[in-house]
Chemist: 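One structure, pasted below without further comment.
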Amino acid sequence: MEKVIIYRDNCIACGACVTYCPYGALIPDEEGKPILLWDRCNDDFACIYVCPVSAIKRASQAERIPVAPWYRLSSREFETELKRWLGSLSDKIKTSLN
């Protein structure tokens with residue numbers, strides 16, 4: 001299952017992605033910018049298509065890992081799976097940069 005990456009530094013906090021996610025996988029932070037609830041993301045990608053500034057990408061199309069925190073878990077039971085995914089994502093991006 002593929003997930004999304006949010007480039008919060010590019011985000012304009014319009015809220016479109018939060019509104020259109022059918023799984024409730026995006027929640028606004030105190031600035032109105034989305035945080036991904038990683039374990040709720042079910043590769044629908046509606047958020048990508050409605051973002052007016054392309055601040056959300058499929059993980060497979062990411063060119064870098066964002067510096068700003070862009071995800072969290074809604075439940076601790078997925079912590080191991082999340083760490084594995086982040087490790088594989090990091091390896092993929094490092095490989096594509098070489």
Side-chain angles (χ1 to χ4, degrees):
M1 180 175 298
E2 188 165 12
K3 308 285 185 178
V4 297
I5 291 179
I6 302 169
Y7 295 100
R8 293 169 41 83
D9 50 338
N10 297 346
C11 178
I12 59 172
C14 69
C17 60
V18 173
T19 300
Y20 283 94
C21 178
Y23 301 105
L26 297 167
I27 58 170
D29 69 1
E30 59 280 345
E31 297 175 359
K33 294 184 178 191
I35 295 285
L36 175 69
L37 295 175
W38 187 85
D39 47 313
R40 290 189 185 174
C41 184
N42 288 309
D43 65 13
D44 175 85
F45 306 121
C47 56
I48 293 172
Y49 305 121
V50 299
C51 182
V53 294
S54 301
I56 305 173
K57 304 280 185 197
R58 292 175 188 242
S60 63
Q61 297 173 338
E63 297 172 1
R64 62 183 171 83
I65 297 175
V67 175
W70 52 275
Y71 64 88
R72 69 174 64 138
L73 290 171
S74 64
S75 170
R76 290 279 183 211
E77 70 182 272
F78 296 98
E79 199 164 355
T80 302
E81 186 179 342
L82 170 63
K83 287 179 183 177
R84 190 175 329 117
W85 180 78
L86 288 170
S88 69
L89 181 62
S90 180
D91 291 344
K92 178 193 82 80
I93 291 174
K94 286 178 194 169
T95 302
S96 70
L97 295 176
N98 292 335

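The model shown is predicted, which means the values in this text are computed figures rather than measured ones.
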Chemist: For Ala25 versus Cys21, what's the shortest heavy-atom pair and its separation?
Modeler: N-SG, 3.3 Å

Chemist: In chain order, what residues pass the salt bridge (Lys or Arg N to Asp or Glu O under 4.0 Å) check against Asp43, with sequence neighbours excluded?
Modeler: none

Chemist: Counting only heavy atoms from other residues, nucleotides and ligands, does the tally under 6.0 Å from NZ of Lys3 exceed 12?
Modeler: yes

Chemist: Say whether, by atom type as modelled, one donor and one acceptor occur between the side chain of Asp39 and the main chain of Ser74 under 3.5 angstrom.
Modeler: yes

Chemist: Which atoms form the tightest heavy-atom contact between Phe45 and Arg58, and what is the distance?
Modeler: CE1-NH1, 3.1 Å

Chemist: Got a sec, which pairs hit side-chain hydrogen bond (donor to acceptor under 3.5 Å, both in side chains) with one end in residues 10-31, sequence neighbours left out?
Modeler: Arg8-Asp29

Chemist: Distance from Lys83 atom NZ to Leu73 atom CG, nearest 0.5 Å?
Modeler: 9.5 Å

Chemist: Say you draw a straight line from OH of Tyr71 to CG of Leu82; how long is it, rounded to the nearest 0.5 Å?
Modeler: 5.5 Å

Chemist: Evaluate the criterion side chain to side chain contact (heavy atoms under 4.5 Å, CB included) for residue pair Ile27 and Arg72; output intermediate values, then yes/no.
Modeler: CA-CA 10 Å; Ile27 58 170; Arg72 69 174 64 138; 3.7 Å; yes

Chemist: Drop me the distance from Lys57's NZ to Cys51's SG, to the nearest 0.5 angstrom.
Modeler: 8.5 Å

Chemist: State, to 0.1 Å, how close Cys11 and Val53 come at their nearest heavy-atom pair, and which atoms those are.
Modeler: CA-CG2, 4.4 Å

Chemist: Mind jotting down which residue pairs meet the salt bridge (charged side-chain N to carboxylate O under 4.0 Å, His left out) criterion with at least one end in residues 13-26? Sequence neighbours excluded, please.
Modeler: none

Chemist: With side chain to side chain contact (heavy atoms under 4.5 Å, CB included) as the criterion, how do Ile56 and Ile5 come out once you've worked through the C-alpha distance, each side chain's angles and the decisive distance to 0.1 Å?
Modeler: CA-CA 6 Å; Ile56 305 173; Ile5 291 179; over 6 Å; no

Chemist: What about Leu89 and Phe78, same hydrophobic cluster or not, with Ile/Leu/Val/Met/Phe/Trp/Tyr joined at side-chain heavy-atom distances under 4.5 Å?
Modeler: yes

Chemist: Leu26 and Pro34: which non-hydrogen atoms are nearest, and at how many Å?
Modeler: CD2-CB, 4.3 Å

Chemist: Decide whether Trp70 and Val4 are clustered together by the hydrophobic rule: side chain heavy atoms of Ile, Leu, Val, Met, Phe, Trp, Tyr closer than 4.5 Å, transitively.
Modeler: yes

Chemist: Is there a chain of hydrophobic side chains (I, L, V, M, F, W, Y, each step under 4.5 Å between heavy atoms) that links Tyr7 to Val50?
Modeler: no

Chemist: Are Ile6 and Ile48 in one and the same hydrophobic cluster, where Ile, Leu, Val, Met, Phe, Trp and Tyr link if side-chain heavy atoms are under 4.5 Å apart?
Modeler: yes

Chemist: Of the non-hydrogen atoms in Asp44 and Tyr49, which two are nearest, and what is the gap between them?
Modeler: O-CE1, 4.4 Å

Chemist: Establish whether Val18 and Leu36 are linked, either directly or via other cluster members, by ILVMFWY side-chain heavy-atom contacts under 4.5 Å.
Modeler: yes

